[in-house]
Amino acid sequence: MEYQIEREEKEVLGDFKPELIPDACGGGIDDYEEALHVLMKFVGSMSSALEQVSGRGANAIVYQAGKRMGHEAGKMVEKTDDLEKAMQELSEILGVEFFFDMWKPADQTEYTVENGNETIVKLIFRDCVVRQTLRRTGLPQKGPLCYLLYGYTVGAVEEVMGIRGKLDIDHVGPNACLKTLTIKWGGK
Amino acid sequence: MVKIEIDEDACVGCGSCVDDCPNNVYEMDEEKNKTKVVNEDDCMACLSCHEICPAEAMEHKDIHVAKRLYIDRKVSGILKKII
């Protein structure tokens, strides 16, 4: 007797032929949701295992991966040494899934603080796929996956502005995370 | 601008939000032994206070509510039928 896997959903059958530019990907919103959750679980498990095997080195590995991505993404946009314009371009690079704003305490007049050859700006990340992945998989924030975003941000800023930068975590929360971006003027 | 409301009947005065807030938005009202909002302008709506509050005593209004794509709607649907 032939064995059949039982499924609730009915299999969709159709025709397929090679196409130059695909115009449909198939699936509905529920499929996207399920795919997203599966990916979140996979990435979360990978991050957790990486931390287990490599310890604190996991952060450096993931940071480097993110930084490389950031540099690649930064090549797509116009170069500038204007911080505000760079933040606008960073926003376009990171997209709506990493919705961020510049932030300052109420008693501070400017978003940027000059400190010798450094410019410091606080960024608040409101929407973040990394945070959502961590919450989906029950992992704590500030772990290796967060370093992917730090690397991505730093890499993109370095590429756009042609300078060196670093990102530090000030605070992480379930709805927003505050980070400090430090830009070191004087080239790489 | 962020508006924070504290439900004084629910607040148990544990002070967790005071300790957890990075921007010193809250202080303890020693007389009432409840949390009070003293620095609303510096609230960045991270909602760490919501996560730590054991009494769910606070509400933030007019904030950017981050997407919660991690929520499993199937599980939520089942839970809603039970609870």
Side-chain angles (χ1 to χ4, degrees), chain A residues 8-9 28-44 95-109 111 122-142 145 168-180, chain B residues 1-7 10-11 14-27 35-81:
Chain A
E8 282 178 18
E9 295 85 15
I29 185 68
D30 290 340
D31 299 298
Y32 282 96
E33 185 183 4
E34 199 149 328
L36 178 67
H37 280 244
V38 168
L39 279 173
M40 280 181 174
K41 284 191 274 186
F42 274 22
V43 172
V96 288
E97 294 310 328
F98 294 103
F99 184 101
F100 76 94
D101 280 320
M102 289 190 277
W103 189 84
K104 64 177 179 61
D107 59 358
Q108 193 178 303
T109 48
Y111 282 111
K122 288 195 184 291
L123 303 179
I124 186 153
F125 284 82
R126 300 196 188 276
D127 284 310
C128 176
V129 176
V130 167
R131 191 191 311 128
Q132 296 188 49
T133 302
L134 295 173
R135 292 184 83 79
R136 178 65 181 84
T137 46
L139 291 168
Q141 287 170 271
K142 291 190 188 177
L145 261 194
D168 295 303
I169 319 163
D170 290 0
H171 182 76
V172 291
N175 197 58
C177 301
L178 187 67
K179 283 144 196 172
T180 299
Chain B
M1 206 177 98
V2 181
K3 185 93 189 124
I4 308 167
E5 283 177 11
I6 306 281
D7 182 347
C11 177
C14 65
S16 300
C17 53
V18 180
D19 294 337
D20 203 40
C21 180
N23 294 332
N24 303 318
V25 170
Y26 306 103
E27 251 179 32
T35 293
K36 62 176 179 181
V37 181
V38 291
N39 193 13
E40 214 167 37
D41 292 348
D42 275 353
C43 177
M44 55 185 185
C46 68
L47 303 191
S48 293
C49 48
H50 280 244
E51 194 141 87
I52 208 159
C53 179
E56 298 186 355
M58 47 193 64
E59 189 176 347
H60 280 62
K61 290 184 172 173
D62 202 19
I63 61 163
H64 178 116
V65 179
K67 283 178 202 163
R68 297 185 294 167
L69 300 178
Y70 57 86
I71 287 175
D72 193 322
R73 291 187 300 154
K74 272 185 201 161
V75 173
S76 295
I78 294 165
L79 287 174
K80 269 186 184 167
K81 282 178 191 165

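Letters A, B, ... are given to chains in the order of the sequence lines, protein chains preceding strands, and every chain is numbered from 1. None of these values were measured; they are calculated from a predicted model.
- A donor-acceptor pair is defined here as one N or O able to donate and one able to accept, closer than 3.5 Å; no such pair exists between the side chain of A/Arg136 and the backbone of A/Arg131.
- At a 4.5 Å heavy-atom cutoff, the contact between B/Asp72 and chain A is made by backbone and side-chain atoms alike.
- Only the backbone of A/Val172 comes within contact range of chain B, with heavy atoms under 4.5 Å apart.
- Only the side chain of B/Asn23 comes within contact range of chain A, with at least one heavy atom under 4.5 Å from a heavy atom of that chain.
- With a threshold of 4.5 angstrom between heavy atoms, B/Ile71 approaches chain A through N, CA, C or O but not through any side-chain atom.
- A side-chain donor-acceptor contact under 3.5 Å links A/Asn175 to the backbone of B/Ala45.
- Contact annotation for A/Phe125: neither backbone nor side-chain heavy atoms come within less than 4.5 Å of a heavy atom of chain B.
- By number of non-hydrogen pairs under 4.5 angstrom with chain B, the leading residue of A/Cys177, A/Ala176, A/Gly173 is A/Ala176.
- Between chain A and the residues B/His64, B/His50, B/Lys74, the largest count of heavy-atom pairs under 4.5 Å involves B/His64.
- The shortest distance between side-chain heavy atoms of A/Pro174 and B/Ser48 falls below 4.5 Å.
- The shortest distance between side-chain heavy atoms of A/Val96 and B/Lys67 falls below 4.5 Å.
- The residues A/Arg135 and B/Glu51 are annotated as salt-bridged, a charged nitrogen and a carboxylate oxygen being separated by less than 4.0 angstrom.
- For the residue pair A/Thr180 / A/Asp168, no side-chain donor-acceptor distance below 3.5 Å is found, with atom types taken as modelled.
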